[in-house]
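If you're wondering where the values come from, they're calculated on a predicted model, not measured in any experiment. The basis for the numbers below is simple: all heavy atoms, side chains too, and nothing from hydrogens, waters or symmetry mates.
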Amino acid sequence: QAAGQLLSSGAATVTTSRGTLRASLERPGRHRPGMLAVQTADDNGVTGSSSAWLSQRPGQDLRQELSSRLAREIIDLVGG
């Protein structure tokens, strides 16, 4: 769901019982990779941020890549 929101609006927020994740997407262009930026705040007030270049491989499904990266970020946030 968050990946779809990123694709449609460029931003998404995921709230869990352990904290909040905010993500923003810079879509890939014809000659440049996209970037996913993530900010997290856990229930103890600890914050973090990360960013990652997105794949430019032909046929790479952007929604699938975003879903995978967001899932890893959420697992890290909840202490998995």
Does Arg63 have any side chain to side chain contact (heavy atoms under 4.5 Å, CB included) partners at least two apart in sequence or in another chain, and if so, which?
-> Ala3, Leu7, Asp61, Ser67

Not counting sequence neighbours, which residues clear side chain to side chain contact (heavy atoms under 4.5 Å, CB included) with Ser17? List them please.
->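 Listed in chain order: nothing, the list is empty.
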
Passes side chain to side chain contact (heavy atoms under 4.5 Å, CB included), Asp42 versus Val78? Steps please.
-> CA-CA 8 Å; Asp42 72 14; Val78 299; over 6 Å; no

Rounded distance [0.5 Å steps], CD in Glu26 versus OG in Ser51 |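 That separation rounds to 10.0 Å.
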
Which distance, rounded to the nearest 0.5 Å, do you find between the CZ of Arg27 and the CZ of Arg32?
->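 Answer for the CZ-CZ pair, Arg27 versus Arg32, is 10.0 Å.
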
CZ of Arg69: more than 12 outside heavy atoms within 6.0 angstrom?
->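 Count over threshold, so yes.
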
Okay, side chain of Ser9, backbone of Leu6: is any donor-acceptor separation there less than 3.5 Å?
-> no

Using atom types as modelled and distance alone, determine if a side-chain donor or acceptor of Asn44 lies under 3.5 Å from a backbone N or O of Val46.
->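 Pair absent, no side-chain N/O of Asn44 close to backbone of Val46.
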
Measuring only between side-chain heavy atoms, which start at C-beta, is [X] closer than 4.5 Å to [Y]?
| X | Y | answer |
| --- | --- | --- |
| Ser50 | Val38 | yes |
| Thr20 | Thr40 | no |
| Leu77 | Ile75 | no |
| Leu21 | Leu70 | yes |

Should Arg18 and Asp43 be marked as a salt bridge (charged side-chain N to carboxylate O under 4.0 Å, His left out) after you check the CA-CA gap, both sets of side-chain angles, and the distance that decides it?
-> CA-CA 5 Å; Arg18 299 293 306 269; Asp43 57 349; 3.7 Å; yes

Go through the steps for Gln39 and Thr47 under the test side chain to side chain donor-acceptor pair (under 3.5 Å), then give the verdict.
-> CA-CA 7 Å; Gln39 297 177 328; Thr47 61; over 6 Å; no

Criterion side chain to side chain contact (heavy atoms under 4.5 Å, CB included) against Ser68, the qualifying member of Arg72, Glu65, Gln64 |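 Of Arg72, Glu65, Gln64, side chain to side chain contact (heavy atoms under 4.5 Å, CB included) with Ser68 is met by Arg72 alone.
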
